[in-house]
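Let me begin by presenting the structure, written as structure tokens, before commenting on it.
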Amino acid sequence: MTVLEVARPKLSPARMRPRDVMRVGAVGLRTRPLRAFLSALGIAIGIAAMVSVVGLSSSSGAELDRTLSALGTNLLTVSSGTTLMGEAAQMPTDAEAMIERIGPVQAVSSIGRIGDAKVYRSEQIPKAQTGGMTTYAARLDLPATVGATLRSGTWLNAATERYPAAVLGSSAAQRLGVGSIGPDTQVVIGSVRFAVVGVMNPVALATELDSGVLVGWPVAESRLGFDGHPTTLYTRSEEAKLEAVRQVLAGTANPEAPNEVDVSRPSDALAAKQATSQAFANLLLGVGAVALLVGGVGVANTMVISVLERRAEIGLRRSLGATRGQIRTQFLAESLLLSGLGGGGGILLGTGVTMGYALYSGWPSVVPAWATGGGLAATLAIGAVAGLYPAIRASRLSPTEALSTP
């Protein structure tokens with residue numbers, strides 16, 4: 001066999017293992033750390049904004065669910081509406097007793113607005129400075145029905161409801177400058193001094209009570225000129241029959257004019273508020289996406305500059321046998337690493353913001369897994385798109401052209 005007959009071995013380019021790809025791709029990040037940090041920062045800000053918006057929205061929703069679970073969603077309110085002439089309607093004095101006869105109704109309580117009884121801290125306050133507070137006559141079972149709790153003091157009882165004693169809503173107490181109550185804590189209602197016996201916490205399902213001053217039904221009739229007509233009734237019903245009860249409440253409360261009665265479900269208002277917050281969160285999510293896009297443009301710009309600055313390196317590697325694909329893989333890996341670092345930092349930052357704000361607000365901290373996973377996927381997608389053109393441009397450089405560039 002002659003030498004010519006010996007088959008020459010077929011040469012093939014060396015394969016780069018994943019570890020080699022990562023090591024070579026990290027060269028640009030290690031040699032220019034400040035530039036890499038600033039480029040990754042743009043990605044991090046966008047991802048952090050998106051994760052924190054989703055996390056805060058989810059945490060707020062979890063808090064709403066927890067609140068409704070504690071307070072119940074079976075509360076219905078029956079309020080006085082308006083007549084056909086546009087005047088304020090009036091419910092019968094026995095509306096509460098009639099509603100109690102509805103089978104699925106488990107509890108009923110009511111308040112009556114006393115429009116002429118303005119509230120002041122003392123007689124020295126000008127009459128025009130009412131503070132936007134409203135005086136209500138209240139039943140003794142009101143807190144149990146609406147899920148109200150007291151911050152300090154006690155609720156009205158069978159004795160104090162007949163005497164000048166009042167319980168302040170949370171906002172009313174703040175406006176009146178009443179912090180902790182004592183034996184000498186008093187307010188003026190109408191022209192009568194009332195001792196403050198309690199201050200309530202905010203009532204999620206009956207927010208009108210927050211700015212109210214509540215007194216006993218008997219003393220309201222005897223000392224404040226209250227006519228005895230309830231203006232708002234609160235009912236608790238069996239959850240399975242809630243809609244059926246809702247259909248008959250207006251006609252039961254005011255049989256002669258059911259169209260003058262408004263029936264609502266407070267939990268629906270909370271859900272609508274949450275939906276509004278969600279719409280605002282979607283807007284902020286869009287802002288975060290724009291920030292992420294801007295960060296991607298920054299990565300692309302960094303990679304283009306990196307290719308221009310490292311032409312000699314590219315030429316040397318090509319002359320030593322690196323293929324176009326290996327050059328392309330190197331710069332694409334660098335872009336993915338750069339974006340991945342920014343995305344990882346953004347996820348940590350966004351999660352930290354969510355947990356911190358949730359802890360401050362007393363909410364459960366919820367960061368959906370899809371938010372972090374989607375943020376990381378978006379980061380890698382941005383990195384791939386941003387690094388594709390610079391990587392292709394680098395791979396197309398010939399060794400002689402790259403090495404001859406000053």
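All residue numbers refer to positions in the sequence shown, counting from 1. The figures here come from the full heavy-atom set of this structure, side chains too, leaving out hydrogens, waters and symmetry mates. Everything numeric here is computed off the predicted structure, so don't read it as measured data.
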Derivation of the side chain to side chain contact (heavy atoms under 4.5 Å, CB included) call for L205 and V146: CA-CA 7 Å; L205 297 182; V146 301; 5.8 Å; no

Smallest separation among heavy atoms of L233 and S110, with atom names: CG-CB, 3.9 Å

Taking every non-hydrogen atom, the tightest pair across S395 and I392: OG-O, 2.7 Å

Donor on one side chain, acceptor on other, N74 and R236, under 3.5 Å: yes

Side chain to side chain, S58 and V367, heavy atoms closer than 4.5 Å: no

N-O pairing of E123 and R193 below 4.0 Å: yes

M355 atom CE, neighbour heavy-atom count above 12 within 6.0 Å: no

Test item: S57 side-chain N/O and V53 main-chain N/O as donor-acceptor pair under 3.5 Å: no

Residues V178, R121; criterion side chain to side chain contact (heavy atoms under 4.5 Å, CB included); working and verdict: CA-CA 9 Å; V178 176; R121 190 67 175 89; 3.8 Å; yes

I189 and its side chain to side chain contact (heavy atoms under 4.5 Å, CB included) partner, picked from V219, L224, I114: L224

T302 (side chain) donor-acceptor with S39 (main chain) under 3.5 angstrom: no

From L214, V167, T232, V215, residue fulfilling side chain to side chain contact (heavy atoms under 4.5 Å, CB included) relative to Y136: L214

Donor-acceptor pair, side chain of D210 and main chain of V203, under 3.5 angstrom: yes

Steps toward side chain to side chain contact (heavy atoms under 4.5 Å, CB included) verdict (S52, T354): CA-CA 5 Å; S52 59; T354 299; 4.1 Å; yes

Backbone of G375 reached by a side-chain donor or acceptor of T379 within 3.5 Å: yes

Greater than 12 external heavy atoms within 6.0 Å of E208's CD: yes

Donor on one side chain, acceptor on other, S80 and T231, under 3.5 Å: no

Minimum-distance pair of heavy atoms, taken over all atoms of F226 and G112: CZ-CA, 3.7 Å

Residues R139, T145; criterion side chain to side chain contact (heavy atoms under 4.5 Å, CB included); working and verdict: CA-CA 10 Å; R139 298 296 189 186; T145 304; over 6 Å; no

Exam field: side chain Q326 to backbone T323, donor-acceptor pair closer than 3.5 Å: yes

Summary of side-chain hydrogen bond (donor to acceptor under 3.5 Å, both in side chains) pairs that have at least one residue in residues 111-120, sequence neighbours excluded: none

Donor-acceptor under 3.5 Å (S335 side chain, L332 main chain): no

Shortest non-hydrogen separation from M91 to H229 and the atoms involved: O-ND1, 2.7 Å

Test applied, side chain to side chain contact (heavy atoms under 4.5 Å, CB included); reference residue, W155; option that passes from L142, T160, D141: L142

